[in-house]
Protein chains: 2
Amino acid sequence: MARKTRVTPKGLPLPGKPVRGSETGRPIMALLDLASRRGLLRIVWELRHGALKFRPLQQACGDISPTLLNQRMKDLREAQLVELSDEGYRLTALGQGLRRAFEPVSVWAEQWAQELNRN
Amino acid sequence: MARKTRVTPKGLPLPGKPVRGSETGRPIMALLDLASRRGLLRIVWELRHGALKFRPLQQACGDISPTLLNQRMKDLREAQLVELSDEGYRLTALGQGLRRAFEPVSVWAEQWAQELNRN
DNA sequence: AAAAATGCTACTGAATTAGTAGCATACGTC
DNA sequence: GACGTATGCTACTAATTCAGTAGCATTTTT
């Protein structure tokens, strides 16, 4: 019996293309795939206050390995969420939009913590 | 030279505990770790309209493997985001809160798609 | 009793990530 | 020109996570 052929590509998830777990190309699916790549959202989070160079960013992300950091920077640059400037890596306008959109989630996380502590 | 000892546990990321990539126990860090587990946010997303039983949920998530689905259900139940009822798996009040908090992100994803299509 | 549905486990192979070392280029300094 | 330093990044191996398939145990339905 042949193994199921891979239909979702290994490449970067972007809206309009099939991604891991979904063929529709819907933006939300691309985002969900992106978000599941370890460290990606963390990087966006750590860039919220401004640009950071490679090693400081690495530190800020809990001493993430340079391999992974660089992979994620490729992802983020291809997705046009981050760009490399003289001051280091920084969020693009799009990236800042994501960061803002993510704010309610971080607020919710605090409530989540409170609820869990009541049990 | 000894390898760096693992300090962040393999277990479920929850607020108050160290998680992969962060020792602080801050809720947002637990959430970022959770979000990076493949399929987890997707599951929350697919449960947005109500309860689903195991196999329908599996289908909705793009035929995710039952192994992974079950792992995620353990994660989500431990995090008190999902519970198993007679109608199947469904979001708890906390889980629904996350889903609502996630709404701006899904809206942003649409804008993201539009921006990328202009290039 | 038979059939179907349910939640779930076992197993192997593939993909992703962790962790460490170090390269290549650019820059300033002595 | 030799030296030290900072920069972004690559190479490599080992560990972890995930994909994909088969099928079990229990309950519900017919």
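Note that the structure is a prediction, hence the values are computed from the model and not measured. Order of the sequence lines fixes the chain letters, A, B, ..., with proteins taken first and strands second; residue numbering starts at 1 for each chain.
For the pair B/M73 CE and C/dT9 P, the interatomic distance rounds to 13 Å; values are reported in whole Å. Following rounding to the nearest Å, B/D63 (CG) and D/dT21 (C1') show an atom-to-atom distance of 13 Å. Atom pair B/D75:CG and D/dC18:C1' shows a separation of 13 Å (rounding to whole Å applied). The separation between A/Q59 atom CD and D/dT7 atom P is 11 Å, rounded to whole Å. In this structure, B/K74 atom NZ and D/dC18 atom C1' are separated by 15 Å, rounded to whole Å. D/dC12 atom C1' lies 13 Å from atom CD of A/Q71, rounded to whole Å. Separating the CG atom of A/N70 from the C1' atom of D/dT7 is a distance of 12 Å, rounded to the nearest angstrom. Whole-Å rounding puts the A/E87 CD to D/dT7 P distance at 13 Å.
The side chain of A/R20 places no N or O atom within less than 4.0 Å of a non-bridging phosphate oxygen (OP1 or OP2) of D/dC18. At the phosphate of D/dC18, OP1 or OP2 sits under 4.0 Å from a side-chain N or O atom of B/R72.
When all heavy atoms of B/V105 and A/A101 are compared, the closest pair comes out as CG2-O, 3.4 Å. Smallest separation of non-hydrogen atoms from B/K53 and B/E87: CG-O, 3.7 Å.
A/Q58 places a side-chain N or O within donor-acceptor distance of the main-chain N or O of A/I64, the cut-off being under 3.5 Å. Without hydrogens or angle criteria, B/S106 side chain to B/E103 main chain gives a donor-acceptor distance under 3.5 Å.
Sorted by first and then second residue, the ring-ring contact (aromatic ring centres under 6.0 Å, His included) pairs with a member in residues 98-119 of chain B read B/W108-B/W112; sequence neighbours excluded.
Toward the 5' end of DNA chain D, the nearer of the two residues A/F54 and B/R38, judged by each one's closest nucleotide, is A/F54.
The B/P66 side chain lies nearest to D/dT21 when the options are D/dT7, C/dT6, D/dT21. Closest approach to the B/S65 side chain among D/dT21, C/dG19, C/dT16 is made by D/dT21 (side chain taken as heavy atoms from C-beta onward). Checking D/dC18, C/dA18, D/dT10 against every side-chain atom of A/L68, the shortest atom distance belongs to C/dA18.
Donor-acceptor pairing under 3.5 Å, judged by distance alone, is absent between the side chain of A/T67 and the base of C/dA18.
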